[in-house]
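Worksheet: the structure to be examined is printed underneath.
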Amino acid sequence: MPHTSKRSGRRTVPLLAAAAFVAASACLVSPAGAATPAATGSATRAATSAPRLWATQLQFDDNGTPWSVAQFQAIRAKGMNSVEINMPWGQIEPSRGTFDFSELDTELANAATAGLRIVPIFWQTGWTGSPAAWITGTETTSTGGVGAAPPWWDLAEQQDYFDYVTATVAHLTHNPGYGGAILNYGRLDAQWSDNGDGGWATADIDYFHQHWLPLTYRTIGRFNSANGTAYTSFDQVPAATPGQPLAGVYQDFRQWSVLDTYDRLTAAVRKVSSGPLYYYFGGHISNAPDIGNLPDVFFTLARTYDVTVIEDAAQSPGLTLTFGSLANAYRVKLAQEWTAPDDPEMPAQAVQWISNYGMGLPYGGVEDFFIHDGTSKDVIGYPIYTAALSQVQGLKGSYPTQPVAVYIDYSQAWGNPNGGSLSSVENEITALWSRHQSGFTVVTSDEVANHVVDLKKFRAVLPLNGEDAQVTTYQKSGGTVLTSGDQLPEYAPAYADLSSAHALQVVPTTAADHRSAQLVLAEVNSYFGYDGAVVLHPAGLDLAAGRYHAVDAATGKALPQFAEPDGGACVPLSLGTATLAEWKLLPGPAPAGTPVPASCSTTAGGATTIGATADSNDGSSGVVFQSVGATGAGADGNLTTTTIGGQSAYQTWTTAQTGVGSANAYLQLDPGSAVARAATVTLTVTYWSQAGQGFTAQYDATDNPYQNGPTVTGSGSGSWQTATLTLTGAQFDEAQNLQADLRLAATDPSLPLYLHSVQLSTGAQ
């Protein structure tokens, strides 16, 4: 007989709950000027911090059957201690207030028998079975469209979700198979709707007028004074959409909604359970204005309620460096999850994600594989993860940091129209770190506003998207503000020098006594291997002064190496694509008999001419056309193989196929080539000339990943033609979409652009 429970009555969210909360709490002032409640810890805090969790994500069940003991045992045998399961709200609560925990209880019992814990993932909407079928409301987008999630501020349906989550957690909290819960609200882990602009439902606008505006501004006079308006009541204030006057006010409200709702949801769960809790952060830095994924909101609440923050897309060094810095600043445990891309990039991204783990230490504690479901990620990514799991679990210490900050102005996400653009910040951080392997700290404007970080402690600050008032104050007080990433080495010494960036990355973990370091080396390029050397520097690793030598972590055997003047070591290294290695840097000189290479240097070399054709796109000639055969709608770089004019070619997808307004052929260069390191290159393109179509060479340059180069028009005669272009000021850091170095942008994206070959050489023709 199914185990069900019935809850009597319905509670509702008090309409002035937020106001009561603010009255008792400090206020975080958002850059747009609106007061935003900051969590104070008034709710019961968890008794203990979450244990380290090594997990894979599963569907709720195995096609309608509970996951068995044997299936859980197979996962346990791979070194994991937990599984996350996607909860179907409608199955757990088939009708309002009636709960069926029978299958869930069976799965927890089976997991406990196998030595695993289950962490349920609570989705309000976006996953199969959520929301429950009896939830009928839908969001409204800024353009009046129908969103996917229930209206954020439908208070009755919001309470329905709170009741579902708290009732389920209360039922599970003392079960030996329970490992905590992942709390989400909104559309998956992106908060607002699919296209990122939900929040204009009638219930949302009503709450904006009736509660948020009075709560924030107190009187309409204060609102008018702050915004240069002359309204006579709050009801007259428009729920402005992006691009309209006062759009920043409504954006501030949307971000506040995330903070307030997650605060109340977490407080409600903490009243019924002291077990581990987790927040999902989905998306990237650039998404903050659209989907409400402000990192500091989650870290502020996580610090209050003892919650671990799960960073999705943790294969991104820029994102993971940011989250590692945030975890250290807020003293919040960080988890890292990887969502696999298309197959060609999957192996390299898997090892990149695994190697990035050390960036979160000492607050790292979770690895989560998304998702163990029998698809290609299980064939390709899952074995890479499980093979490296014991290696990651053995890392102890801290990611070494230097007193230098890379600064992000997040105020645009709060509705500040003059705030710095967030569109390329994450890629810029990745490029900086890939080019200069050093432990700089990433600081957000919200961290400074929250008084979590004081810029005065840094020797230098590099603003990535503009200098805001906080950076100006730092500079006026005598701080050094950098203007280019090229200045970083002067203030943040590298811990590793590489022969070529973007093929290899080194992530160190320095021991607490500063006398040794573990180093995870990952070949992260999907197309090109690494062949060169690695020079390790004790100062950059935050090690005590002295002589050190490198050993293989698995065998303890000293590696062939050359002693460096600063006490470090130069080690030759060849790694194939998507390969991991682990070294240790230990005190003292290399043991007697350790081979000394005849030469060991990271001095640049490599091919001075590279290229690719539609007949040969395997990277062997130093260039790769990306996204060949990709079929995803919404992508701007899909290429199809075809034949035209008797020659093989790649053709771009048209706007009618993709649904986006641009069409590009993205190219990645061999990072070990001399071309990839050249500031001036000659680009030769063989293309099919047709009426109305041409292309612009847009390349990765200093401070602009999409620098416009020459535009090619051609004769339009319907024939194969060759164009030779010169690109100057290049800095190929793979900062474009798809980690590309340059792209050929179609002049008319409604027509296909046909390309046969490209060639790049150092210098101008």
Side-chain angles (χ1 to χ4, degrees), residues 53-68 70-80 82-88 91 103 107 110-111 114 116 118-121 123 125-130 148 182 184 187-190 194 280 282-284 310-316 335-354 356 366-389 392 524 526-527 577-580 626-635 637-640 738-739:
L53 180 148
W54 312 102
T56 188
Q57 187 172 335
L58 301 173
Q59 301 289 9
F60 178 69
D61 58 25
D62 185 10
N63 297 305
T65 301
W67 296 107
S68 67
Q71 288 170 312
F72 285 135
Q73 285 174 333
I75 293 172
R76 184 72 183 92
K78 295 292 187 181
M80 283 166 274
S82 305
V83 294
E84 301 164 356
I85 60 170
N86 294 288
M87 297 286 283
Q91 182 172 338
E103 185 173 1
E107 293 190 318
N110 291 346
L116 290 177
I118 286 181
V119 180
I121 307 172
W123 304 111
T125 192
W127 208 274
T128 302
S130 298
I182 299 174
N184 294 288
R187 168 71 175 171
L188 294 175
D189 50 11
D194 314 13
Y280 257 133
H284 294 270
I310 303 176
E311 171 213 355
D312 193 4
Q315 78 283 350
S316 164
Q336 297 178 35
E337 180 181 280
W338 168 64
T339 302
D342 293 336
D343 288 357
E345 290 81 30
M346 194 182 297
Q349 276 204 17
V351 300
Q352 188 166 42
W353 158 57
I354 290 165
N356 286 350
V366 181
E367 288 285 351
D368 170 31
F369 180 82
F370 176 88
I371 177 173
H372 191 44
D373 62 356
T375 61
S376 61
K377 63 176 66 70
D378 276 350
V379 177
I380 300 171
Y382 190 67
I384 295 174
Y385 168 50
T386 55
L389 193 53
V392 172
V524 296
S526 299
Y527 310 105
T577 187
T579 304
L580 284 164
Q626 295 174 282
S627 288
V628 176
T631 58
N638 294 349
L639 299 178
T640 301
L738 307 175
Q739 296 180 294

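We're numbering straight along the sequence, starting at 1. Reckoned from all heavy atoms, side chains included, excluding hydrogens, waters and symmetry mates.
Annotation: ring pair (Phe, Tyr, Trp, His ring centres under 6.0 Å) contacts of His284 (sequence neighbours excluded): none. Annotation: side-chain contact (heavy atoms from CB on, under 4.5 Å) contacts of Asn184 (sequence neighbours excluded): Ile121, Trp123, Ile182, Asp189, Tyr262, Tyr280. Checked against side-chain hydrogen bond (donor to acceptor under 3.5 Å, both in side chains), Ser316 has the following partners two or more places apart in sequence or in another chain: Glu426. Every residue was checked against the side-chain hydrogen bond (donor to acceptor under 3.5 Å, both in side chains) condition with Lys78, not counting sequence neighbours, and none meets it. For Gln59, the side-chain hydrogen bond (donor to acceptor under 3.5 Å, both in side chains) partners are Trp127, not counting sequence neighbours. Listed by chain and number, the residues in a ring pair (Phe, Tyr, Trp, His ring centres under 6.0 Å) with Tyr382 are Phe369, His372 (sequence neighbours excluded). Listed by chain and number, the residues in a side-chain contact (heavy atoms from CB on, under 4.5 Å) with Thr128 amount to none (sequence neighbours excluded). The side-chain hydrogen bond (donor to acceptor under 3.5 Å, both in side chains) check on Glu107 picks up nothing, with sequence neighbours excluded. Remark: Thr631 engages Trp653 in a side-chain contact (heavy atoms from CB on, under 4.5 Å) (not counting sequence neighbours). Judged as a side-chain contact (heavy atoms from CB on, under 4.5 Å), and not counting sequence neighbours, the contacts of Thr125 are Pro131, Ala149, Pro150, Arg187.
In this structure, Ile310 and Val366 have side chains that are not in contact, with every pair of non-hydrogen atoms separated by 4.5 Å or more. Taking the side chain as every heavy atom from C-beta outward, Val351 and Thr579 never approach each other to under 4.5 Å. Looking at heavy atoms from C-beta onward, Trp338 lies out of side-chain contact with Ile354 at the 4.5 angstrom threshold. Looking at Gln71 and Leu58, their side chains never come closer than 4.5 Å, going by heavy atoms from C-beta outward. You'll find the side chain of Val83 stays beyond 4.5 Å of the side chain of Val119, heavy atoms only.
How far OG1 of Thr56 is from CD1 of Ile371: 7.5 Å, rounded to the nearest 0.5 Å. How far CG of Asp368 is from CD of Gln57: 5.5 Å, rounded to the nearest 0.5 Å. For the atom pair Asp62 CG and Ser68 OG, the distance stands at 7.5 Å (nearest 0.5 Å). A distance of 4.0 Å separates CG in Leu738 from OG in Ser627, rounded to the nearest 0.5 Å. In this structure, CD in Gln73 is found 9.5 Å from CG in Asn110, a value given to the nearest 0.5 Å.
Between Leu580 and Ala388 the shortest heavy-atom distance is CD1-CB, 3.9 Å. Considering all non-hydrogen atoms of both residues, Ala111 and Ile118 come closest at CB-CG1, 3.7 Å. When every heavy atom of Leu116 is checked against every heavy atom of Ser82, the shortest pair comes out as CD2-N, 3.6 Å. Across all non-hydrogen atoms, the minimal contact from Ala348 to Ser526 is CB-OG, 3.4 Å. Looking at every heavy atom in both residues, Asp378 comes nearest to Pro383 through O-CD, 3.0 Å. Nearest heavy atoms, Gln336 versus Ala314: CB-CB, 3.6 Å.
Judged by distance alone, with hydrogens and angles left aside, the side-chain atoms of Asn86 form no donor-acceptor pair with the main-chain N or O of Phe60 at under 3.5 Å. Listed for the Gln349 side chain is no donor-acceptor partner under 3.5 Å among the backbone atoms of Met346.
Inspection of the Glu367 and Trp353 side chains reveals an N or O donor paired with an N or O acceptor under 3.5 Å. There is a side-chain donor-acceptor pair under 3.5 Å between Glu103 and Gln91.
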- Message: Let's go through Met80 and Phe72 carefully: what are the C-alpha distance in whole Å and the side-chain angles of both, what is the deciding distance for side-chain contact (heavy atoms from CB on, under 4.5 Å) to 0.1 Å, and is it a yes or a no?
- Response: CA-CA 10 Å; Met80 283 166 274; Phe72 285 135; over 6 Å; no

- Message: Before you tell me yes or no, could you show the steps for Tyr527 and Gln739 under side-chain hydrogen bond (donor to acceptor under 3.5 Å, both in side chains), namely the whole-Å CA-CA distance, both residues' side-chain angles and the distance that decides it to 0.1 Å?
- Response: CA-CA 12 Å; Tyr527 310 105; Gln739 296 180 294; over 6 Å; no

- Taking it one step at a time, do Thr339 and Asp312 satisfy side-chain contact (heavy atoms from CB on, under 4.5 Å)? CA-CA 7 Å; Thr339 302; Asp312 193 4; 2.8 Å; yes

